[in-house]
Amino acid sequence: MKIVYLNPCGNLGGAETSLREVLASIRAAEPDWELWLILGEDGPLGPIARDLGVRVIVQPFPAELGRLGDTGRGVVLWPLWKAAWGTARYARSLSALLRRLKPDIIHTNGFKMHLLGAWTRPARTPLVWHIHDYVGSRRLMSRLLRLFGGACTVAVANSKSVAGDLHTLLPTLQVVTIYNGIDLNRFSPFGGKMDLDAVAGLEPAASGTIRVGLVATFARWKGHRVFLEALARLSSECPVRGYIIGGPIYQTGGSQWSLAELQQQARGLGLEGKVGFTGFVEDAASCMRSLDVVVHCSTEPEPFGMVIIEGMACGKAVIASQAGGASELFVDGENALGHAPGDAAMLARQIKRLAEDPDLRLQLGQAGRVTAERLYHRKRLATELLALYQNIHRDPAEAELEAVVQAGARRRSTP
Ligand code: GLC
C-alpha cells in the first residue's frame, strides 16, 4: 500500500501534531507500507516525518496561497484573485507529482490540501479528507468544499461535533469520527521537566508557586486574552504564576496574536513578572510536566483540543473550555474541570480552586491519565484508520477492469 499525505503547513499546530501521530501509528502497524508526505511549507514536521520513515517532499505554496485565509467574516475577493494564478500553477505541478507517485490512497490534512487533493488526484484514486476544524461558519471554505465534495471518498472528523458540522454542509458525504491519539509513553507523568522560568526569562518563582500554563498556538480564538484576564482577577495572595506556551506559527495573515501584542496586554493588566512567555516549545510533554495546571481556554467551540488529552496523559489537572468537540473529551469534575468559553471569571475560579486544593489536582490528574490510556492511545488510532484504508483501497486490477467496463458503456451509449 502506498499512501500519500498532503499537509499545507510545516509547523506543528494541532492538525500537524495529529498527523504526526497518524504517521507514527500507521508506520508502527504496517512497517512495509510506503508513506509519503507532501508539505506546502518547510518546517519541523518534515524532519519529524522523515525520522518516522516517511518520504517527505516539500513543495512550497506560492506566498499568496499560503497567506490566504478565511475568517468567516466574508469572502475577500482581492486576495483570492491574487492567489488564483499561483494556485493553478501549483495544482498543475502537484498533479504531475501525484501521477508520478501513483498512490493507492491520498489522505489530506488541512482545508487548502483538501481542495488541492480533490482537484489534482489521479482518476479513481480514493481520497480521504481528514477534517480538523469546523467549516460551516467559513463562508468561502464551505462553498469550496461543497463544490469539491464529490471527489472525496470518505471524510474523517476528529470529533462527533465536527462530524455533525460537516454532515450539515455535505449530507451525502460519508463521514467517520476518529478521535486523535497520542504517544502515551511520551505524554506521561514520568520524564524530564523544563525550567519554565528560565525559558521565559523570569526570576525563579518562590517555592510553593502553582504553575498554570496555557499551551496553544497564537491563533486569536485560543483565548490568550481570557487567560490573562483570569490571572489578573486572582488576588495577590493566590500563589499562581502563569505561562503562555506557544507562538505564532501560521502563514495566514491576521489570524493570530503577535508576542508584542500579548506582552502589552499582560502589562496593561498589571501582570508583569506574574506571567511568562516561553515561545514555541518543541518538547510539549516536558513542558506540561513542569506545570501544576494545564489550561485550555478557546473562546470558540474547540473542534478537538490535543492539549486537553496531552495534559490528561501527563497526569495533570486540566481546565478546559467546555464546548464543541472538546467537551466530548472529559467529564467536568471527574477527569478535568470545565469552564464556559470566554468566561474569564469562571476560569479564574477554577484556577483558584485548583491552586488551593492539591488533593483535587492529584485526583483529576490520576483520573485524566486513566482516561487517556483508555481512549486516546495512538494504537487505537491506527486500528481505526487501517480499517478505513482497507475499506476504500481498491485492488488496482479491479479498478482497471471497472475503468474498461465504464469506457465500454460510454462508447455503447454514444450514438
Ligand atoms: C485543529 C483543531 C483542534 C484539534 C486539532 C487536531 O487544530 O482546531 O481542535 O485538536 O486540529 O485534530
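Side-chain atoms are counted along with the backbone in the values below, which use heavy atoms only and exclude waters and symmetry mates. As the structure lists them, so they are numbered: ligands from 1, and atoms in each ligand from 1.
- If you look at F227 and H224, their ring centroids are not closer than 6.0 Å.
- With respect to atom 7 (O) of ligand 1, the closest heavy atom belonging to the protein is A15 N, 3.4 Å.
- Listed by number with element, the atoms of ligand 1 under 4.0 angstrom from any heavy atom of N180 are 6 (C), 12 (O).
- In terms of N/O distances under 3.5 Å, ligand 1 is approached by H132.
- R241 is listed as a side-chain neighbour of D197, based on a closest heavy-atom distance under 4.5 Å.
- A side-chain donor from one of R99 and S95 sits under 3.5 Å from a side-chain acceptor of the other.
- Of all the atoms in ligand 1, the ones that sit under 4.0 Å from a non-hydrogen atom of E302 are 2 (C), 3 (C), 8 (O), 9 (O).
- Among the atoms of D133, some N or O lies under 3.5 angstrom from an N or O of ligand 1.
- Salt bridge present: R378 and D183 bring a charged side-chain N and a carboxylate O closer than 4.0 Å.
- An N or O contact shorter than 3.5 Å is missing between W221 and ligand 1 by distance.
- Closest protein heavy atom to atom 10 (O) of ligand 1: G305 N, 2.8 Å.
- D104 and Y389 form no side-chain donor-acceptor contact under 3.5 Å, judged by distance and modelled atom types alone.
- Salt-bridge annotation for R380 and E384: present, with a side-chain N of the basic residue lying under 4.0 Å from a carboxylate O of the acidic one.
- Counting the atoms of ligand 1 from 1 in the order shown, those under 4.0 Å from a heavy atom of M306 are 6 (C), 10 (O).
- Atom 5 (C) of ligand 1 has its closest protein heavy atom at G14 C, 3.6 Å.
- A 4.5 Å side-chain heavy-atom check between E41 and F61 finds every atom pair outside the cut-off.
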